[in-house]
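Only one structure is covered here, and it is reproduced in the block below.
Letters go in sequence order (proteins before strands), and every chain restarts at 1. In what follows, every heavy atom counts, from backbone to side chain, and hydrogens, waters and symmetry copies are set aside.
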Number of protein chains: 2
Amino acid sequence: MSIQSRRERERAERHQLIVTAARELAEAEGWDAVTTRRLAARIEYSQPVLYSHFRGKEAIMKAAALEGIGELAERLRAARQGEPDPAAAMRAFAAGYVEFATRQPALYAAMFTLTSDLSFGTADSPDTLRAAFAEFTATVRPFARPGVDLETLAETFWAALHGLVALDGSHRLRPGRTADRLTLLVDRFLC
Amino acid sequence: MSIQSRRERERAERHQLIVTAARELAEAEGWDAVTTRRLAARIEYSQPVLYSHFRGKEAIMKAAALEGIGELAERLRAARQGEPDPAAAMRAFAAGYVEFATRQPALYAAMFTLTSDLSFGTADSPDTLRAAFAEFTATVRPFARPGVDLETLAETFWAALHGLVALDGSHRLRPGRTADRLTLLVDRFLC
DNA sequence: ATTCTGAATCTAGCAATGCTAGGATCGGGG
DNA sequence: CCCCGATCCTAGCATTGCTAGATTCAGAAT
């Protein structure tokens with residue numbers, strides 16, 4: 001009992017160690033630099049150990065992405081609940097989203113541009129993803145109009161934010177105007 | 001003279017052949033399937049020939065992306081000019097954008113999610129990119145309000161469209177509601 | 001205390017990738 | 001008819017993700 005539980009605990013710790021190391025390495029040098037060899041060296045184990053925890057590199061990225069979505073949801077909830085006024089809440093919400101993505105671009109990429117499955121608002125999603133999407137619907141609800149589906153509005157708002165983050169992060173928009181674009185976008189969803 | 005020009009012509013044809021083959025292969029099986037070996041086999045040349053035309057695989061993708069941006073610009077211009085009313089033009093424009101991305105997802109990915117450089121509205125862009133971005137500013141101009149920068153508005157509109165396309169294309173939004181989201185988004189930029 | 005057992009871990013290797021060096025080949029010019 | 005230079009291919013490199021087999025080591029049983 002005791003010995004087996006210790007092993008399970010060590011295993012869980014190493015699982016987390018892998019994900020954390022992958023995130024750090026990706027944030028420092030990009031996901032291309034996260035090779036299984038470098039990752040194994042970083043956690044001071046041999047390569048095959050990774051495969052006793054994850055099916056492969058993609059699974060590691062997916063685990064990191066899921067972790068990131070959980071953290072994003074918490075961040076968004078704090079931003080939303082920090083402002084009593086719905087409009088102010090939405091502004092804080094959007095700013096929080098952009099800041100999260102800007103501060104951890106590699107993690108954000110794993111969450112929404114590199115990983116292919118890992119949905120968000122679909123029905124068969126894990127709880128973490130559902131909860132994250134719920135932050136969007138909650139933020140957007142005060143501005144829903146009759147005849148418009150609430151989830152459709154939330155999806156659209158999310159997509160618009162994601163577009164800003166994605167294009168800005170790949171330097172496709174003029175630098176230094178991120179805030180302008182964000183306020184412009186949010187205003188469009190407020191009116 | 002004649003002989004050299006023939007060689008240059010053949011070279012240009014092969015250049016185009018490579019890009020076309022890459023696009024076809026990518027559209028059929030994704031960019032991961034576009035290996036230099038398969039691509040070389042497809043154009044019935046050996047691998048190193050690719051490197052006498054392009055610096056590497058990334059350069060080939062970039063060439064395909066640039067070609068795609070040119071085609072997108074033409075598509076957008078047609079959609080925009082096909083409708084005299086500014087609002088209708090914007091709707092057609094947005095629908096054209098989404099349709100282009102949906103019909104050629106791999107090409108779109110090369111244009112705006114995989115390739116990292118290749119900007120669009122920045123000052124030092126090639127003419128093709130500038131022209132494409134100009135389609136956005138032209139479409140959005142009738143709805144610009146005093147105090148809002150026109151290019152900022154265009155960038156934001158583009159980003160929002162891109163977000164819809166990107167998330168929808170990776171199955172992160174509920175299927176079958178693409179049109180709803182699009183009209184909702186465009187309405188926000190019309191009012 | 002010693003041997004057995006099974007899990008945990010590593011070494012070594014595979015096929016596939018992007019890319020390159022070197023030689024072969026082939027056509028045009030002398 | 002021969003040479004020369006551009007063109008093209010064969011062969012190979014290092015690196016990638018991933019896996020099979022051997023090895024080691026901790027705990028159990030005698």
Side-chain angles (χ1 to χ4, degrees), chain A residues 1-19 21-26 28-65 106 109-110 114-117, chain B residues 1-19 21-26 28-65 106 109-110 114-117:
Chain A
M1 174 70 185
S2 164
I3 148 174
Q4 186 168 356
S5 70
R6 189 210 64 196
R7 285 207 168 134
E8 284 178 8
R9 193 185 59 233
E10 287 177 350
R11 223 186 131 67
E13 283 172 2
R14 210 169 45 182
H15 183 101
Q16 185 56 45
L17 187 64
I18 293 172
V19 174
R23 282 180 57 171
E24 288 174 0
L25 196 48
E29 307 184 37
W31 282 105
D32 281 346
V34 184
T35 70
T36 56
R37 284 168 174 73
R38 289 192 67 181
L39 193 52
R42 191 127 169 166
I43 64 170
E44 294 178 311
Y45 278 96
S46 75
Q47 231 184 333
V49 169
L50 302 176
Y51 293 88
S52 73
H53 284 271
F54 300 94
R55 184 184 281 260
K57 186 187 170 179
E58 271 204 5
I60 297 176
M61 292 179 59
K62 187 172 169 178
L114 298 180
T115 309
S116 54
D117 42 0
Chain B
M1 172 70 181
S2 164
I3 148 175
Q4 186 169 356
S5 70
R6 189 211 64 197
R7 283 204 168 137
E8 283 177 9
R9 194 184 60 233
E10 286 178 351
R11 221 186 134 68
E13 283 172 1
R14 208 169 47 181
H15 184 102
Q16 186 56 44
L17 186 65
I18 292 173
V19 174
R23 282 180 57 172
E24 287 174 359
L25 196 49
E29 307 183 38
W31 281 106
D32 280 346
V34 184
T35 70
T36 56
R37 282 170 233 279
R38 290 192 65 181
L39 192 51
R42 190 126 170 167
I43 65 170
E44 294 179 310
Y45 278 97
S46 75
Q47 232 185 333
V49 169
L50 302 177
Y51 293 87
S52 72
H53 285 271
F54 300 94
R55 183 186 281 259
K57 185 186 171 181
E58 271 204 5
I60 297 177
M61 291 180 59
K62 187 172 169 178
L114 298 179
T115 308
S116 55
D117 43 1

Could you run down nucleotides 14-21 of chain C 5' to 3' and tag each one B, S or - for protein heavy-atom contact under 4.0 Å?
-> ---BBBBB
Could you walk me through whether A/R38 and A/V34 pass the side-chain contact (heavy atoms from CB on, under 4.5 Å) test, one step at a time?
-> CA-CA 7 Å; A/R38 289 192 67 181; A/V34 184; over 6 Å; no
Spacing between A/L39 atom CG and D/dC18 atom P, to the nearest angstrom | 12 Å
Could you state the atom-to-atom distance from CZ of A/R14 to C1' of C/dA7 in whole Å?
-> 12 Å
Write down the distance between CG (A/L50) and P (D/dT19), rounded to a whole number of angstrom.
-> 12 Å
How long is the gap from CG on A/L50 to CZ on A/R14, to the nearest 0.5 Å?
-> 9.5 Å
Distance-only criterion, 3.5 Å: show the donor-acceptor pairs between side-chain atoms of residues 39-49 of chain B and protein atoms not counting sequence neighbours.
unit_1, atom_1, unit_2, atom_2, d
B/R42, NH2, B/E24, OE1, 3.4
B/Q47, OE1, B/R37, NH1, 3.2
B/Q47, NE2, B/T36, OG1, 2.6

The reported gap from CD in B/E13 to CD in B/Q16 (rounded to nearest 0.5 angstrom) is 10.0 Å
Atom OH of A/Y45 and atom P of C/dA7: how far apart are they, to the nearest Å?
-> 18 Å
Considering all heavy atoms, the nearest A/F54-A/A63 contact | CE2-CB, 3.7 Å
Any B/R11 side-chain nitrogen or oxygen under 4.0 Å from OP1 or OP2 of D/dC8 | no
Going from CG on A/L17 to CD on A/E10, what distance comes out if it is rounded to the nearest 0.5 angstrom?
-> 12.0 Å
